Novice: 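Before I ask anything, here is the structure I am working with.
Because the structure is predicted, anything quoted here is derived from the model rather than measured. A, B, ... follow the sequence lines: proteins, then strands. Residue 1 opens every chain.
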Amino acid sequence: MTPDENPFDKFLQSKKSKIFKNKDTLLHTYTPERLPHRDEQINTLVDILGVALEGHAPKNIMVYGMTGSGKTVTVKYILKKLEEKASEIGALVRGIYVNCEVVDTSYRVLQTIANNLISEWEERIPPTGLPTDEVYTKLIEILEKYGGIVVVALDEIDRLVKKSGDSVIYMLTRINESLKHSKLSLIGIANDINFIDLLDVRVRSSLVHEKVLFPPYNARQLEDILRDRAKIAFYEGVLEPSVIPFCAAASAREYGDARVALDLLRTAGEIAERNGESKVREGHVRLAIKRLEMDTVIEAIKTLPTHGKAVLYALYKKTLSEMRKGKRFSEIETTTGELYQEYLNVCYFLGISPVTQRRFTDFVSYLDEIGLLNARIASRGRYGRTKIIKLASDISYVEEGLKSDPEFGSLFMRRPVQTSLEKYFSSI
DNA sequence: CCTCCACAGGAAGAATCGGGCG
DNA sequence: CGCCCGATTCTTCCTGTGGAGG
Ligand SMILES: Nc1ncnc2c1ncn2[C@@H]1O[C@H](COP(=O)(O)OP(=O)(O)O)[C@@H](O)[C@H]1O
């Protein structure tokens with residue numbers, strides 16, 4: 001080996017992908033330079049926010065759209081471009097993005113906004129310890145010292161309101177009345193259009209001066225988004241021509257969610273890579289769809305309360321025993337009464353006390369809502385009215401999800417076989 | 001036609017949880 | 001840290017209901 005040849009080069013070379021040029025550009029954290037099919041929303045936002053460059057406070061905006069409709073990227077993009085243009089022309093404008101899923105209390109929202117405007121570490125507001133209205137007073141001071149226009153985007157604002165009420169929003173919509181030298185404007189981002197109904201009327205009228213809607217993407221639009229991204233994420237020619245249209249169609253069929261489309265493309269690439277193939281094909285996308293389906297089922301099961309899991313386990317057990325009898329999965333159904341009996345058994349085995357049948361039906365409805373099972377009401381005349389219940393997803397996904405649960409995993413373990421040595425010890 | 005099965009799902013209140021405050 | 005109160009969860013009791021069988 002020559003002295004300038006580092007043996008680790010070989011290691012890195014062998015790790016280097018033949019498929020991905022830059023995989024990170026497929027993650028949700030990446031903000032692309034172009035946002036296809038969001039020109040209309042961008043223009044509207046520019047029209048509303050433009051006055052900030054002239055030193056006026058823009059109107060408050062509500063942004064609506066389903067998940068993956070590009071709300072977050074678009075708003076982040078707009079804030080970045082606004083700040084860029086402001087510093088170019090010497091205007092004092094700041095854009096602050098707050099993700100309310102992480103920053104989910106009144107205190108932390110005010111704190112986050114304030115700390116974004118503070119450069120000195122010592123002056124920063126501590127993550128806890130002060131009364132909320134003191135943080136509010138401090139924020140006013142800090143804003144006055146800044147003396148410009150501050151645009152605050154509150155992402156997942158519906159979550160914040162559900163968890164902590166609308167008091168922060170009320171405070172923030174009225175903060176301009178206490179400000180002389182600077183102004184604050186809000187951009188609220190929500191998934192749920194009905195979210196405004198939760199708000200106090202006073203908050204509603206001041207928050208929703210302008211509305212911007214983000215409709216879900218259709219298959220063609222998703223294709224354009226994916227094509228743009230594939231150019232920087234993959235090496236040229238590794239994607240077979242049908243891959244992108246297939247990913248786009250699959251995600252458009254559900255909710256037109258761009259995040260799902262990108263996840264699908266990335267996962268398909270990963271699968272191809274893991275199989276040591278040099279091209280991504282439609283078959284890889286098919287596997288990726290299954291993979292993501294399984295992930296969502298397992299994730300959904302993880303967040304279920306104990307009795308929710310118990311109900312699901314009861315349904316799993318019933319389904320499995322019917323399958324052992326040779327019935328086809330798609331034909332296996334049960335009823336509320338039957339499933340409740342099985343649920344009682346499951347609770348007995350787990351040593352937990354069961355809930356009443358009334359409550360049980362609520363769990364069934366909830367599992368139906370989140371798509372883990374299908375339930376429909378059927379009248380069977382003489383034999384009463386009941387819900388017909390069946391598993392919604394592949395039984396092996398449900399099994400995986402329950403197996404990985406600390407409470408339910410043990411139910412899958414085979415009773416350990418006593419070894420002859422153990423027999424020997426237990427006999428003496 | 002009526003009946004009555006086997007529940008659905010609303011209402012109200014009890015029990016329990018959790019998070020905010022001193 | 002404990003305590004308290006409001007929110008959530010769960011129970012109890014209830015009325016309503018589509019249709020096979022009489
Ligand atoms: N028009 C678009 N162009 C490029 N990428 C997009 C576009 N719309 C959405 N995306 C991508 O889709 C993903 C989800 O978008 P996001 O803005 O987080 O959706 P939302 O906030 O509406 O749930 C992000 O990774 C984003 O980069």
Novice: Should A/Thr74 and A/Gln41 be marked as a side-chain hydrogen bond (donor to acceptor under 3.5 Å, both in side chains) after you check the CA-CA gap, both sets of side-chain angles, and the distance that decides it?
Specialist: CA-CA 8 Å; A/Thr74 305; A/Gln41 285 77 11; over 6 Å; no
Novice: Protein within reach of the bases, or only the backbone? For nucleotides 14-22 of chain C, mark each nucleotide 5' to 3' as B, S or -, using heavy atoms under 4.0 Å.
Specialist: ---BBBBS-
Novice: Tell me whether the guanidinium CZ or amine NZ of A/Lys309 lies under 6.0 angstrom from the six-membered ring centre of A/Tyr313 and within 45° of its axis.
Specialist: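 No, A/Lys309 does not sit over the ring of A/Tyr313.
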Novice: Are the charged groups of A/Arg266 and A/Glu273 less than 4.0 angstrom apart, N to O?
Specialist: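 Result for this pair is no, no salt bridge flagged.
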Novice: Under the criterion salt bridge (charged side-chain N to carboxylate O under 4.0 Å, His left out), I'd like the reasoning laid out for A/Asp295 against A/Arg291: C-alpha separation, chi angles, the key distance, then a yes or no.
Specialist: CA-CA 6 Å; A/Asp295 287 351; A/Arg291 183 61 215 283; 3.6 Å; yes
Novice: On DNA chain B, which is the earliest and which the latest nucleotide, 5' to 3', with an atom closer than 4.0 Å to a heavy atom of chain A?
Specialist: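 In short, chain A contacts DNA chain B from B/dT3 to B/dG10.
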Novice: Decide, yes or no, whether a salt bridge links A/Lys85 with A/Glu88 under the criterion of side-chain N to carboxylate O below 4.0 Å.
Specialist: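 Yes, A/Lys85 and A/Glu88 are salt-bridged.
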Novice: Does A/Phe363 reach a base, just sugar-phosphate, or nothing at all? Heavy atoms under 4.0 Å.
Specialist: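 Sugar-phosphate, backbone atoms only, no base.
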Novice: Could you identify which residues of residues 337-354 of chain A place a heavy atom less than 4.0 Å from some atom of DNA chain C, listed by residue number, or say none?
Specialist: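 Of all residues in residues 337-354 of chain A, the ones placing a heavy atom under 4.0 Å from DNA chain C are A/Pro354.
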Novice: What's A/Thr386 touching, base or sugar-phosphate or nothing? Going by heavy atoms closer than 4.0 Å.
Specialist: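 Sugar-phosphate only.
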Novice: Is a donor on one side and an acceptor on the other found under 3.5 Å between the side chain of A/Gln111 and the backbone of A/Val135?
Specialist: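 Answer holds: no.
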Novice: Under a 3.5 Å cutoff, is there a donor and acceptor pairing between the side chains of A/Ser365 and A/Lys387?
Specialist: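 Checked: A/Ser365/A/Lys387 side chains pair up, N/O donor to acceptor below 3.5 Å.
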Novice: Could you note down all residue pairs passing ring-ring contact (aromatic ring centres under 6.0 Å, His included) where residues 164-200 of chain A supplies at least one of them, sequence neighbours left out?
Specialist: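 Sorted result for residues 164-200 of chain A: empty, none.
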Novice: What residues in residues 155-170 of chain A put a non-hydrogen atom under 4.0 Å from any atom of DNA chain C?
Specialist: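 DNA chain C contact set from residues 155-170 of chain A: none.
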Novice: Looking at A/Tyr97, I'd like to know if the NZ or CZ of A/Lys76 sits under 6.0 Å from its six-membered ring centre while staying within 45 degrees of the ring's axis.
Specialist: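 Ring-cation test returns yes.
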Novice: Please check this pair: side chain of A/Asp155 against backbone of A/Val98, looking for a donor-acceptor N/O pair closer than 3.5 Å.
Specialist: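 No: the side chain of A/Asp155 does not pair with the backbone of A/Val98.
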Novice: Of all residues at least two apart in sequence or in a different chain, which pass the side chain to side chain contact (heavy atoms under 4.5 Å, CB included) check with A/Ser379?
Specialist: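 Side chain to side chain contact (heavy atoms under 4.5 Å, CB included) list for A/Ser379, sorted by chain: A/Arg385.
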Novice: Do A/Phe360 and A/Tyr343 have ring centres separated by under 6.0 Å?
Specialist: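 Centroid distance A/Phe360-A/Tyr343: below 6.0 Å, so yes.
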Novice: Is there a ring pair (Phe, Tyr, Trp, His ring centres under 6.0 Å) between A/Phe214 and A/Tyr64? Walk through the geometry before answering.
Specialist: CA-CA 6 Å; A/Phe214 281 63; A/Tyr64 298 110; over 10 Å; no
Novice: Nearest whole Å is fine: how far is C/dT11 C1' from A/His307 NE2?
Specialist: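 Rounded to the whole Å, the gap is 13 Å.
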